Amino acid sequence: MKKVTLLVLDGFGVGAMADCEKVKPEDVNANTYKHLREAVDIHIPTLYQLGLGNIVDHLDTARGAYGRCDLAHHGADTFMGHQELMGSKPGVPQKRLMSEVGATIKKNLEKHGYDVRDPVEGAPVLLVNEAVVVGDNLESEVGNIINVVGDFRKLSFEQTIEVGKVVRSSVDTSRVIVYGNKEKTSIDLILSTIKERHPGQWGVDSPKANVYGEGYQVLHLGYGVDYEKQFAHLAEKQRLPVYRIGKTADVIQASGYHNPVVSTRKVLEVYQHEYSKSERDSVFLVNVQETDLAGHKEDCLWYKEVIEEVDRFLASFIDELDEEDLLIITADHGNDPTIGHSNHTREQTPVIIVGPQVRPISIGTRQTMADLAATMADYMGVAPPQYGTSFLHQILR
């Protein structure tokens, strides 16, 4: 019986990417782990001995295989990072507001047979089939995301996704997000919350529209991302159970077990519980989000507490790995709490691979995090994802 786990320590970077000066100059001095270690007395002996010490301090002993990954996606984004981790090569997105792309979206929706009108005079938002509002996302950086907010009592989530796909084909923004809540909202309430947040940025005030909480349904459509060619989808296609725990439940597209728990303790408890009771070949995709939240808050002490909690968990959990189990520990980008801003930092990510069959060797610096998806697919015997090169032959005894 084989079990493979991808454990993502969200925002745990190990040094600025070489292209930061050109791509993200505010991050040229970023190094999440190094700066945390300098700012607080961080104690993570398990991660350090497994391979982190080799990655950051060039030690010559490790319990696992280890290396670094460059980010192939543009910028430093949790959603795009996870798409890359699943075997995609996201495109380079552009910032767009509905005031610029709304006419194109409307034209394409009408070509697909939808009824489209402008529900608010002077506001660049669209109402589709009297059930779905297309507008700017008011909760992210200006121009990053277009929202597709539906009344699922009038148009089902699946039907609203089809609207979202047309919108996705019409724009080159980072994401198109399709969401709604059949139990708690309506098109009248959604329309009543449309507002302008920044000059020219018009959309639905999602919290006031009551879309979040129990009954919330969401799908993220990334630019240049084909879910059907990602590791999670390919594993499920081969009838392997895929468990998404933590933020992976929201940002990785699959149809099996999902639990978007945020508390690190609960994330690890749920993971260990589901892991221990699984009695067949399985895939576990786990995200520890609080490291990223601490980075956004620029709170080194909180970050220290979270990563130390993970380290204590790993100290006992790795002894529970069976002969054919494989655990990959990594990140999706950096989030240096000392850098002087509260955004993600464009950093290389650490890679540590643990399991009874794993040799303690270096895998070097990988050009894309998609290599992790390719390696997991190789190990589980499923078709390779769209991008990435497996390093499985290097690490197995």
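Since this is a predicted model, take the numbers as computed values, not measurements.
Identified under the salt bridge (Lys or Arg N to Asp or Glu O under 4.0 Å) test for residues 112-123, with sequence neighbours left out: Arg117-Glu130. Sorted by first then second residue, the ring pair (Phe, Tyr, Trp, His ring centres under 6.0 Å) pairs that include residues 144-173, not counting sequence neighbours, are Phe152-Phe157. Pairs passing the ring pair (Phe, Tyr, Trp, His ring centres under 6.0 Å) check and including a residue from residues 172-207, sequence neighbours excluded, do not occur. Residue pairs meeting the salt bridge (Lys or Arg N to Asp or Glu O under 4.0 Å) criterion with at least one partner in residues 316-336, sequence neighbours excluded, are absent. Residue pairs meeting the ring pair (Phe, Tyr, Trp, His ring centres under 6.0 Å) criterion with at least one partner in residues 67-86, sequence neighbours excluded, are Phe79-His220. Among residue pairs with one or both ends in residues 367-390, those qualifying as side chain to side chain donor-acceptor pair (under 3.5 Å) are Glu84-Thr368, Arg366-Asp371, Asp378-Ser390; sequence neighbours excluded. Every pair passing ring pair (Phe, Tyr, Trp, His ring centres under 6.0 Å) that includes a residue from residues 287-311 is listed here, sequence neighbours excluded: His296-His344.
To the nearest 0.5 Å, atom CD of residue Glu298 and atom CG of residue Asn335 are 8.5 Å apart. Note: Ile252 CD1 to Phe231 CZ = 10.0 Å, rounded to the nearest 0.5 Å.
In this view, Ser263 and Arg265, Lys266 satisfy the side chain to side chain contact (heavy atoms under 4.5 Å, CB included) rule, not counting sequence neighbours. With sequence neighbours left out, Tyr271 forms a ring-ring contact (aromatic ring centres under 6.0 Å, His included) with Tyr275, Phe284, Phe317. A search for side chain to side chain contact (heavy atoms under 4.5 Å, CB included) contacts involving Lys22 returns nothing, not counting sequence neighbours. Applying the side-chain hydrogen bond (donor to acceptor under 3.5 Å, both in side chains) rule to His233 yields no partners; only residues at least two apart in sequence or on another chain are considered. Remark: Glu162 pairs with Lys165 by the salt bridge (Lys or Arg N to Asp or Glu O under 4.0 Å) rule, at least two apart or across chains.
Under the side chain to side chain contact (heavy atoms under 4.5 Å, CB included) test applied with Arg168, the options Val163, Val225, Ile146, Thr173 reduce to a single match, Thr173.
Here the side chain of Arg346 pairs a donor or acceptor atom with the backbone of Gly75 at under 3.5 angstrom. Between the side chain of Lys184 and the backbone N or O of Tyr212, at least one donor-acceptor pair lies under 3.5 Å.
Salt bridge Glu141/Lys95: present, at least one basic N to carboxylate O contact under 4.0 Å. A salt bridge is defined here as a Lys NZ or Arg NE, NH1 or NH2 lying under 4.0 Å from an Asp or Glu carboxylate O, and Asp77 with Arg175 meets this definition.
The cluster map of Ile, Leu, Val, Met, Phe, Trp and Tyr, joined by side-chain heavy atoms under 4.5 Å apart, puts Val149 and Ile161 in different clusters. There is a path of hydrophobic side-chain contacts, each under 4.5 Å, that joins Leu268 to Val354. Both Val4 and Leu396 are assigned to one and the same hydrophobic cluster, defined by single-linkage of ILVMFWY side chains at heavy-atom distances under 4.5 Å. Hydrophobic clustering (ILVMFWY, side-chain heavy atoms < 4.5 Å, transitive): Val132 and Val120 are in distinct clusters. The same ILVMFWY cluster, assembled from side-chain heavy atoms under 4.5 Å apart, contains both Ile307 and Tyr48.
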> Given the rule in the side-chain hydrogen bond (donor to acceptor under 3.5 Å, both in side chains) test, do Thr264 and Glu290 qualify, once you have shown the distances and angles that lead to the verdict?
Replying inline: CA-CA 6 Å; Thr264 300; Glu290 284 190 295; 2.6 Å; yes
>> Using the rule given for salt bridge (charged side-chain N to carboxylate O under 4.0 Å, His left out), can you reason through Arg239 versus Glu236, listing the C-alpha separation, both sets of side-chain angles and the distance that settles it, and then say yes or no?
In response: CA-CA 5 Å; Arg239 301 190 176 180; Glu236 287 191 330; over 6 Å; no
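At most 12 non-hydrogen atoms from other residues, nucleotides or ligands lie less than 6.0 angstrom from NZ of Lys34.
Considering all non-hydrogen atoms of both residues, Leu85 and Ala331 come closest at CD1-O, 4.1 Å.
Between His341 and Asp27, the side chains place a donor N or O and an acceptor N or O closer than 3.5 Å (distance only, hydrogens not considered).
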